[in-house]
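Owing to the predicted nature of the structure, the values given are computational and were not obtained by experimental measurement.
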Amino acid sequence: MSEAFYLPAIFAGLMALAMLVYVILDGFDLGVGILLPLATDDEKDVMVSSIGPFWDANETWLVLGAGLLLVAFPVVHGVVFGALYLPVLAMLVGLILRGVAFDFRVKAQDPHKPWWNAAFAGGSLLAALAQGVMLGRFLTGFAEGATAWLFALVVGAGLALAYALLGACWLVMKTHGKLQAKAIIWAEYALYGAGLAVLAVSVVTPLANPGIAAKWFALPQFLLLLPLPLGSLALFILLWLSLPRLARRQAAGNDSFCWLPFAASVGIVLLSFWGLAYSVFPQMVIGRMTIWQAAADPEALWVILWGAVVVLPCIIGYTAFAYRVFWGKADKLSYQ
């Protein structure tokens, strides 16, 4: 097996890993931001506190994924970011807006604080919608026309709902009292929206792309892939059944298994991502370019790979350390 074959596959795997970790980690804190307008002022402070130690570091994985795309697949980087100029711009505006709002809201005077809360929520929603639109455009191979853009907008709304589900389940795990009870209700509503979104994308994507349909519905692949949709369905049912029971237990003062909804929602993301990755691999631009056609020269990939070998463990290490240090329930955010 030549290095021209396995090096692009390694970098595609690293980029997929970075995007998966980003969707999970930054997904829940974007979801918390989306849910912010539904809470009281005191509850907003606790919600922001629950993501305070993590949100900035979570975005490191987005930078890592974009960086790997730029240096390992430079041709695709130009095509993708050229085709996705507007949603990428919207995502960056959203991320900048929520970053500025995060720092200013805690120091703002009372008359100004609601505006910064609105900016944080609006930036979170804008970033989530933009990322979903980017995914939808990628799945259609950047096709033109109203139908392709409508599909991208549906995926955008679906990803925002999935982030809201992650965020609500995160709050169930990290908070207590009235806010935790509200988070369970938010998770129940987001569950229906996320379920419909996953179903819509799962049905429409094979219909829109015959190549993807052939990969899923030919035998014996269909039987081997069947655990993915069945596993996702089982996790949705688990959440649907467990959230009301969890609410009753917590009302009685029993906080056991508060981690279960978040674990189940992460499982849904993992299975959905696995299905999408199988659907598009080895395409970097669907219908136009594979990872081997788009990769940089092997000599350049070796240099980048050694850099990734050094950087990636550092990112994993400080991420794990931060989550370990700030484990447990969140309290109101304050600066001394």
Minimum heavy-atom distance between [X] and [Y], given as atom pair plus value:
X: Ala12; Y: Phe73; answer: N-CZ, 3.9 Å
X: Ser265; Y: Cys169; answer: OG-CB, 3.9 Å
X: Leu270; Y: Ile24; answer: CD2-CD1, 4.0 Å
X: Val172; Y: Pro261; answer: CG1-CG, 4.3 Å
X: Gly33; Y: Phe120; answer: CA-CE2, 3.6 Å
X: Gln250; Y: Ile184; answer: OE1-CD1, 2.9 Å

Find out if a path of hydrophobic residues (ILVMFWY) with successive side-chain heavy-atom gaps under 4.5 Å connects [X] to [Y].
X: Leu196; Y: Val154; value: no
X: Val63; Y: Ile51; value: no
X: Val75; Y: Leu69; value: yes
X: Val155; Y: Leu86; value: no
X: Val100; Y: Leu126; value: no

Checklist entry - More than 12 non-hydrogen atoms from neighbouring residues, nucleotides or ligands closer than 6.0 Å to CZ on Phe257, yes or no? => result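 Atom CZ in Phe257 is not crowded, with 12 or fewer foreign heavy atoms closer than 6.0 Å.
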Next on the checklist: Please enumerate all residues that pass side-chain hydrogen bond (donor to acceptor under 3.5 Å, both in side chains) together with Tyr192, with sequence neighbours excluded.
Outcome noted: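 Partners of Tyr192 under the side-chain hydrogen bond (donor to acceptor under 3.5 Å, both in side chains) test: Trp240.
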Checklist entry - Who are the side-chain hydrogen bond (donor to acceptor under 3.5 Å, both in side chains) partners of Asp29, not counting sequence neighbours? => result Asn58, Arg98
Checklist entry - Taking the six-membered ring for Trp, are the ring centroids of Tyr22 and Trp61 within less than 6.0 Å of each other? => result no
Checklist entry - Would Trp216 and Tyr278 count as a close aromatic pair, with their ring centres under 6.0 Å? => result yes
4.5 Å side-chain heavy-atom contact, [X] and [Y]:
X: Phe142; Y: Leu84; answer: yes
X: Asp45; Y: Lys113; answer: yes
X: Gln283; Y: Gln293; answer: no
X: Leu239; Y: Ile268; answer: yes
X: Met134; Y: Val88; answer: yes
X: Leu260; Y: Leu246; answer: no
X: Leu276; Y: Val280; answer: no

Say you draw a straight line from [atom1] of [X] to [atom2] of [Y]; how long is it, rounded to the nearest 0.5 Å?
X: Thr140; Y: Leu150; atom1: OG1; atom2: CG; result: 11.5 Å
X: Leu271; Y: Leu233; atom1: CG; atom2: CG; result: 11.0 Å
X: Leu301; Y: Ile10; atom1: CG; atom2: CD1; result: 9.5 Å
X: Leu235; Y: Ser242; atom1: CG; atom2: OG; result: 10.0 Å
X: Trp186; Y: Leu179; atom1: CH2; atom2: CG; result: 5.5 Å
X: Ser202; Y: Leu228; atom1: OG; atom2: CG; result: 10.0 Å

Item to check | Check against side chain to side chain contact (heavy atoms under 4.5 Å, CB included), Cys258 and Arg249 | outcome: CA-CA 10 Å; Cys258 64; Arg249 286 202 305 270; over 6 Å; no
Next on the checklist: Ring-plane angle category for Tyr323 and Trp170, please: parallel below 30°, perpendicular beyond 60°, tilted otherwise.
Outcome noted: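 Correct class here is perpendicular.
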Item to check | Donor-acceptor pair between Tyr163 and Gln131 side chains, under 3.5 angstrom | outcome: yes
Item to check | Polar contact flag, side-chain donor to acceptor under 3.5 angstrom, Asp42-Thr40 | outcome: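 Short answer, no.
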Next on the checklist: Could you walk me through whether Leu95 and Glu59 satisfy the side chain to side chain contact (heavy atoms under 4.5 Å, CB included) test, starting with their C-alpha distance in whole Å, then the side-chain angles of each, then the deciding distance to 0.1 Å, before giving a yes or no?
Outcome noted: CA-CA 9 Å; Leu95 293 177; Glu59 293 177 359; 3.6 Å; yes
Item to check | Pairs involving residues 296-317, ordered by first then second residue, that meet side chain to side chain donor-acceptor pair (under 3.5 Å) (sequence neighbours left out) | outcome: Glu3-Trp302
Checklist entry - Other hydrophobic cluster members with Ile185, side-chain heavy atoms of Ile/Leu/Val/Met/Phe/Trp/Tyr under 4.5 Å, chained? => result Tyr189
Next on the checklist: Which Ile, Leu, Val, Met, Phe, Trp or Tyr residues join Trp115 in one cluster when any pair of side-chain heavy atoms under 4.5 Å counts as a link?
Outcome noted: none
Checklist entry - Under a 4.0 Å N-O cut-off, is there an ion pair linking Glu43 with Lys178? => result no
Item to check | From CA spacing to verdict: side chain to side chain contact (heavy atoms under 4.5 Å, CB included), Met289, Val76 | outcome: CA-CA 8 Å; Met289 197 180 304; Val76 174; 3.5 Å; yes
Distance-only donor-acceptor pairs under 3.5 Å for side chains of residues 311-322, two or more places apart:
residue : atom : partner : partner atom : Å
Tyr318  : OH   : Thr60   : OG1          : 3.1
Thr319  : OG1  : Ile315  : O            : 2.7

Checklist entry - Are any side-chain N or O atoms of Lys215 and backbone N or O atoms of Phe281, one a donor and one an acceptor, separated by less than 3.5 Å? => result yes
Item to check | Lys174 (side chain) donor-acceptor with Ser50 (main chain) under 3.5 angstrom | outcome: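 Answer holds: no.
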Next on the checklist: Quick one, Thr175 with Met47, criterion side chain to side chain contact (heavy atoms under 4.5 Å, CB included). Give me CA distance, side-chain angles, the key distance, then yes/no.
Outcome noted: CA-CA 8 Å; Thr175 63; Met47 291 170 69; 5.8 Å; no
